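Here's the structure, in structure tokens; my notes come after.
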Amino acid sequence: MQKLYYYTTTDTMSKILQNGNIWATNLDYMNDSREYLNGISEIRTLVTKSNITAKWFESKQKQKEYAECPIQEIFSEQNGEERQNISSRYTISFCRKKDLLSQWTTYAKESGVCLEMVFEPDKADEFLLYKKDQKDSEEREIPVERGLKEIYYFTEERIDAQKYQETAEKILTDLFGENADNLDSESLIERWAQISIFVKQYDFYQEEEMRLAFDTMKINSETGKQPRIGYRIDKHIMKPYLDVQCKNGWPITSVMVGPGNNQEVVYKSIKFFLDHAKIMSSALVTEEQWKEQIKNYLCYNKRISPFWKELEQNKGGSSKIIKSLYDRWKTFSLSSKEAVLTDIAEIIKQSEYCSDFENYYLTRSGIIAEKSSIPYIY
Amino acid sequence: MRIVILEDYPERLVGTAEQLNDICPGCEVEVLCYDPQNDYGEKAEELRTKLLCNTITIVDYWNLEEKLDELYSDPDTLFLFDTDIDRGAVIEVFEYRINVRYALKKRDDADNQLYRIWFYTTVEHLKRAIERTFGEHVIVAGQNGASLSLDLEGCPTFVEALGLHQAV
């Protein structure tokens with residue numbers, strides 16, 4: 001499983017957890033509006049000017065095909081500009097790093113939160129969108145499948161030669177295919193535009209971003225339905241967004257409260273919220289998922305995990321407390337959820353491990369509430 | 001009989017006219033080149049020879065419909081439309097594309113006449129859109145290097161139309 005992190009405010013978090021939806025922002029209205037332009041122009045430079053492309057085709061033994069392909073015409077400035085003008089692309093960004101100061105300051109504001117989500121790598125997930133003119137109370141009519149894709153940090157002027165070459169080869173593979181046999185002009189222009197969504201200026205490399213992209217034009221072609229577009233106002237700008245619901249909720253396993261002068265009270269309120277509110281998480285639906293989550297919660301503690309492993313391997317010698325946690329965990333079923341969670345909390349409370357779990361709490365919803373360890377410095 | 005191909009990248013039609021002549025010997029192939037990026041000028045003749053087609057006509061948004069009407073008035077003409085010719089325009093709704101609009105209109109007008117337009121594309125998501133919209137009037141397209149490869153014989157309605165028209 002791949003763990004990814006979504007930094008946001010507590011207000012947005014409550015909506016994500018209760019409604020299972022995240023707003024995908026229109027690419028033209030991102031914090032850095034040049035993002036998409038960077039992708040379009042960097043790929044054009046790579047394909048039309050760099051000798052890396054010719055060498056790559058050579059390595060695939062496709063020099064003849066490369067020579068015959070009207071690369072300069074396909075990757076022309078005009079085609080690039082035409083693609084830049086299409087405002088039908090929306091994205092949701094995730095970070096591969098937990099508890100990252102730059103993300104806290106940019107996206108979560110003071111005492112914001114970082115949602116941990118678990119995705120299956122290389123697998124498309126199912127999302128639901130509203131059709132144009134549908135009301136909030138109605139069932140979303142547009143199902144779409146999309147997979148997460150890593151961002152390429154790629155700016156020729158800002159990146160060292162070796163890194164440029166490595167990333168360039170990945171982009172060329174995406175563009176022309178593993179065997180360099182996708183050379184049709186129409187498909188190439190389409191892929192150029194699609195891949196550009198995932199190419200960002202190199203200076204942002206520390207974000208380690210993964211992205212989900214939705215193209216309303218593509219969705220209309222695929223489903224015959226036009227998605228509903230919403231608008232949020234930010235500094236007088238009407239920013240278009242797509243309301244994206246993950247089927248059964250986003251796969252959230254933990255909520256971390258970021259640094260802030262009121263971090264303690266925010267943490268307390270989030271524990272209360274997660275203990276009492278009806279929340280949606282597709283990572284906490286089946287019995288197996290719940291058992292895995294409880295095990296991960298307990299074994300996060302380095303004083304517990306070695307003994308737990310021994311118990312799983314049927315070796316004795318474990319501490320009495322860990323043995324009782326393990327035995328209670330083994331009896332877990334969805335119908336006995338409440339009782340098992342209560343018992344586990346009680347065992348921890350009365351044990352020597354109590355202080356270890358002060359800032360790391362398994363709520364009744366199954367989601368772990370935790371606190372950032374970064375000191376409050378801004 | 002005549003077969004008209006509407007395409008914005010005529011270079012990728014190398015071999016297509018030959019392919020059409022193989023299954024419909026002696027047919028006339030006309031390429032309507034929609035709003036091309038290249039100013040072919042004197043090179044149009046060179047391209048025509050390269051594509052082995054009979055005629056190349058440059059068309060744009062403003063005269064496409066008129067030109068198509070003129071050609072469509074001859075009942076012995078079949079049409080192959082590239083789906084993605086409006087790529088520069090901000091068209092989020094598939095049915096609003098100029099070629100799709102035209103084809104839908106002709107299909108609605110068809111009544112007892114034979115509807116004579118078929119679509120192809122190599123763009124994945126558009127394949128689903130044309131299949132949904134035009135059903136049996138879709139020709140599977142692939143790529144052979146930088147050239148287009150059309151599975152003309154894999155489209156029964158097109159083969160049938162060819163048979164009917166050849167018999168005329």
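A, B, ... follow the sequence lines: proteins, then strands. Residue 1 opens every chain. All values derive from a computational prediction rather than experimental measurement.
The greatest number of non-hydrogen atom pairs below 4.5 Å with chain A, out of B:Glu11, B:His125, B:Arg128, is found for B:His125.
With no hydrogens or angles considered, a side-chain donor-acceptor pair links B:Gln143 and A:Asn182 at under 3.5 Å. If you check the side chains of B:Asp151 and B:Tyr120, you find no donor sitting under 3.5 Å from an acceptor.
Between B:Leu68 and B:Phe79, some side-chain heavy-atom pair lies under the 4.5 Å cut-off. Looking at heavy atoms from C-beta onward, A:Tyr130 lies out of side-chain contact with A:Leu242 at the 4.5 angstrom threshold.
A salt bridge is defined here as a Lys NZ or Arg NE, NH1 or NH2 lying under 4.0 Å from an Asp or Glu carboxylate O, and B:Lys50 with B:Glu46 fails to meet this definition.
Interface remark: A:Glu73 contributes backbone and side-chain atoms alike to the contact with chain B (heavy atom separation under 4.5 Å). With a threshold of 4.5 angstrom between heavy atoms, B:Thr121 approaches chain A through its backbone and through its side chain. Of the two parts of A:Thr223, only the backbone, made up of N, CA, C and O, holds a non-hydrogen atom closer than 4.5 Å to a non-hydrogen atom of chain B. Looking at B:Asn144, neither its backbone nor its side chain comes within 4.5 Å of chain A, counting heavy atoms on both sides. Interface residue A:Glu222: backbone and side-chain heavy atoms are both found under 4.5 Å from chain B.
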